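The structure appears right after this line, and notes come after that.
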Amino acid sequence: MDNSEIAKVFEEIADLLELTGGDKFRIRSYRNAGVVIEGLPESLKSLYAAGEEHLLGIPGIGESLRGKIVELLTTGRCAYHDELLKEMPAGMLEILKVSGVGPKRASLIHKELGVSSVEELEKAAHAGKLRDLPGMGETSEQKILKAIKDLKARSGKFRISVAMKYAAEFTGYIKEVSGTQDVVPAGSLRRWKDEIGDLDILATCKDPAKVMDHFVRHPDIKEVLSKGDTKSTVVLKVGLQVDLRVLDKKSFGAALQYFTGSKSHNVALRDRAKRMGLKISEYGVFKEDGEKPVAGKKEEEVYKAVGLPWIPPELRENRGEIEAAEEGRLPESLRVEDIRGDLHSHTRESDGGATLEEMAEAAMKRGYEYLAVTDHSKAVGIAHGLDEKRVLAQIEAIDALNRKLKEAKKKFTVLKGTEVDIRADGTLDHPESLLKRLDCVVASVHSSFGMSRDEMTLRILKAIRTGRISIIGHPTGRLIGEREPFELDMEAVMTEAKKYGVALELNSYPDRLDLNDIHCKLAKEKGVLVAISTDAHSTSHFDNISYGVHTARRGWLERKDILNTRPLKELLKILKR
DNA sequence: GCCGTTTTCGGCCCGACTGTTTTCAGTCG
């Protein structure tokens, strides 16, 4: 079992306990364990293989949960989980996903009406059976019917680039209301998560009602889910949910902290405050008895009040950042300006939209020192991949361009490269003699995604062992919202990459963003260099670098962990290895 | 079920909105 599967079992146990009326703190423990395990860079499986003592010291995992992890790893089952499933049918877990139906209502409906699946719930609602239950009426019944419909049509999550677009639109729109002060996106967008569930916007204004009235009139809105004095929730026509919160300026820092999350970071922070005799809410930090806030205007003050330095939003996932902050070992924030060049780009020779010269010009304009041109190899026929002859011609063109740049006294170098296809059998799609002549060899998988985990791992290990590649491109092959990452033993790949001096790419294209944040953390632990590239297919794609940089920040990576923060000379030395 | 600048026992984050209620429970984030 991998980490996600184990996390899912614990999350299900939490749900089942809620449905059966279990202790709420025990429920919290299971839920928290799910979150912790999901964010663990190393697999529990390999930690356990190295000795059970390696499972000690994972925050939130105590004696009992450790035992269940071992049980799951060794037997693939958890007796406690099975036991609970005997009491409560699995279909009830689906019912909890219906918005507006929580554990209390779900178990009431189960007990009173014998409903045990979403289908049965829908039938019961249609038959008008829900309205007679205590605490429910006809309105609730209709809401549930609608929620079931929405669940079925659920558009799911949105790529961060899409959410960014709407964030810009809505912050601009809200600022049209006179008297608004700050209007900023918060939530998972501010934490730069690769997928955004809903968009959270925070505004300060003396007259919140006016802001709310304006907000719910935006033409992109399909439906207003709730509208209050300080908080409203709407759903856009594209399916994205947008939450707006309006507060007074004196609470801005506390509100921004609260609204940025994550939930589990906030729980941990508030727990810490409580132990210090303080209370944190979106209105400020308060002494337990006092009414006057001790902090609230600025986010920094909130952290300071609980004895911590400000924690960058990208780290706020309760993955050890509070402990690191306390001990003064937060990673130094990587900046977009730290990137000195791009190591993965395409020209019109393959499937790019711009010429070699145009790409070089655009990279230079960004202030880069270098750009690796890495067009596809012939196996990727759909992208007009280059055969050996065309690569040789491109090498000459690049040499000529570099001479021209030198004559013009430009401090910029185009690196000769390729994105060579890793064939299904793990061999590379260019001969070794050709690869030897290139500065930067990105090797990527473009086909046969459906291989088994073992086959795919071996395929990539084989490519690494050729000793002819510099970087593994988009190492999991995922396309967010379209294609799942392929099965891969990432730890084995990283171990081998380290051995052969191969870097792993963090592809900044917002549909890809792989390595992801957790992989980045693993790379850091394994001492593997990460190349943050854009895979630019046009000059405008270079802008995507910020998605990559912020994802790297989410993975605790620093400047020294990144290959292309190096100056050209140092980079070439590393690439030669 | 976890955990310890109060603690190996006794705590465990905090508030907004809605519907069905006349004071609040349930849900959500």
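Naming convention: chains lettered A, B, ... in sequence-line order (proteins, then strands); numbering from 1 in each chain. These numbers were taken from a predicted model, which means no experiment stands behind them.
When the P atom is compared between dG26(B) and dT22(B), the two are found 14 Å apart, to the nearest whole Å. Between dA16(B) and dG10(B), the two P atoms lie 33 Å apart (nearest whole Å). Rounded to whole Å, the separation between the C1' atoms of dC3(B) and dT8(B) comes to 9 Å. Separation of the P atoms belonging to dT7(B) and dG11(B) is 13 Å when rounded to the nearest angstrom. Between dG19(B) and dC12(B), the two C1' atoms lie 30 Å apart (nearest whole Å). On the C1' atoms, dT23(B) is 15 Å away from dT18(B), given to the nearest whole Å. To the nearest whole angstrom, the two C1' atoms, one in dT6(B) and one in dC14(B), are 22 Å apart. Rounded to whole Å, the separation between the P atoms of dC13(B) and dC2(B) comes to 16 Å.
No more than 12 heavy atoms of other residues, nucleotides or ligands sit less than 6.0 Å from atom NZ of Lys298(A).
Residue whose closest nucleotide on DNA chain B sits further toward the 5' end, between Val267(A) and Glu138(A): Val267(A).
By the 4.0 Å N-to-carboxylate-O rule, Arg478(A) lies too far from Asp514(A) to be salt-bridged with it. A salt bridge is defined here as a Lys NZ or Arg NE, NH1 or NH2 lying under 4.0 Å from an Asp or Glu carboxylate O, and Asp82(A) with Arg77(A) meets this definition. Under 4.0 Å is where a charged nitrogen must lie from a carboxylate oxygen, and between Glu558(A) and Lys524(A) at least one such pair does. Lys521(A) has no carboxylate O lying under 4.0 Å from a charged side-chain N of Asp517(A), or vice versa, which leaves the two without a salt bridge. Ionic pairing of Lys231(A) and Asp243(A) is not present here: no N-O contact between side-chain nitrogen and carboxylate oxygen is shorter than 4.0 angstrom. Checked for salt-bridge contact, Glu301(A) and Lys304(A) miss the test: no charged N lies under 4.0 Å from a carboxylate O. Between Glu141(A) and Arg131(A) there is a salt bridge, since at least one side-chain N of the basic residue sits less than 4.0 Å from a carboxylate O of the acidic one. Salt bridge present: Arg190(A) and Glu299(A) bring a charged side-chain N and a carboxylate O closer than 4.0 Å.
Going from atom NZ of Lys274(A) over to atom P of dT7(B) covers 17 Å, rounded to whole Å. Residue Gln257(A) contributes atom CD, which lies 14 Å from atom P of dG15(B) at whole-angstrom precision. Atom CZ of Arg275(A) and atom C1' of dC2(B) are 12 Å apart (whole Å). For Arg272(A) and dG4(B), the CZ to P distance is 12 Å, given to the nearest whole Å. Distance CG (Leu225(A)) to P (dA16(B)): 19 Å, rounded to an integer number of Å. The interatomic distance linking Met276(A) (CE) with dC3(B) (P) rounds to 20 Å, in whole Å. In this structure, Leu56(A) atom CG and dC3(B) atom C1' are separated by 15 Å, rounded to whole Å. In this structure, CE of Met212(A) is placed 11 Å from C1' of dC17(B), rounded to the nearest angstrom.
No engagement by Glu326(A) is indicated, since no non-hydrogen atom pair under 4.0 Å with the nucleic acid exists. Nucleic acid contact for Ile280(A): sugar-phosphate only, since backbone atoms but no base atoms lie under 4.0 Å from a heavy atom of the residue. In this structure, Asp271(A) reaches the sugar-phosphate backbone alone: every heavy-atom distance under 4.0 Å involves primed, P, OP1 or OP2 atoms, never a base.
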Exercise. Using a 4.0 Å cut-off on protein heavy atoms (strictly under), produce a 5'-to-3' string for nucleotides 24-29 of chain B with B for base contact, S for backbone-only sugar-phosphate contact, and - for none.
Key: --SSSB
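Using a 4.0 Å cut-off on heavy atoms, the residues of residues 11-41 of chain A that approach DNA chain B are Asp23(A), Phe25(A), Arg26(A), Arg28(A), Ser29(A), Tyr30(A), listed by number. Within residues 62-72 of chain A, the residues approaching DNA chain B are Gly62(A), Glu63(A), Ser64(A), Leu65(A), Lys68(A), by heavy-atom distance under 4.0 Å.
Within the 4.0 Å cut-off from OP1 or OP2 of dC13(B), not a single side-chain nitrogen or oxygen of Ser281(A) is found. The shortest distance between the side-chain N/O atoms of Lys227(A) and the OP1/OP2 oxygens of dA16(B) is not below 4.0 Å. At dG19(B), one or more side-chain N or O atoms of Lys143(A) fall inside 4.0 Å of OP1 or OP2 (strictly under the cut-off). Distances shorter than 4.0 Å separate some side-chain N or O of Thr230(A) from OP1 or OP2 on dC17(B).
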Could you go over nucleotides 21-23 of chain B and give all protein N or O partners under 3.5 Å, atom names and distances?
none

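Taking a pair to require two hydrogen-bonding distances under 3.5 Å in either a Watson-Crick or a G-U wobble arrangement, dT8(B) remains unpaired.
Side-chain N/O atoms of Glu94(A) and Ser117(A) include no donor and acceptor closer than 3.5 Å. Checked by atom type, the side-chain pair Glu12(A)/Tyr30(A) shows no donor-acceptor distance below 3.5 Å.
Ring pair His81(A)/Phe10(A): centre-to-centre distance not below 6.0 Å.
Under the salt bridge (charged side-chain N to carboxylate O under 4.0 Å, His left out) criterion, Glu53(A) pairs with no residue, sequence neighbours left out. Partners of Tyr509(A) under the ring-ring contact (aromatic ring centres under 6.0 Å, His included) rule, at least two apart in sequence or in another chain, are His541(A).
Of the listed nucleotides (dC17(B), dG19(B), dC14(B)), dC14(B) has the atom at the smallest distance from the side chain of Lys279(A).
A parallel orientation is assigned to the rings of Trp192(A) and His550(A), their planes being inclined by less than 30° (bins at 30° and 60°).
Remark: Lys68(A) qualifies as a cation-pi partner of Tyr80(A) under the 6.0 Å distance and 45° angle criteria applied to the six-membered ring.
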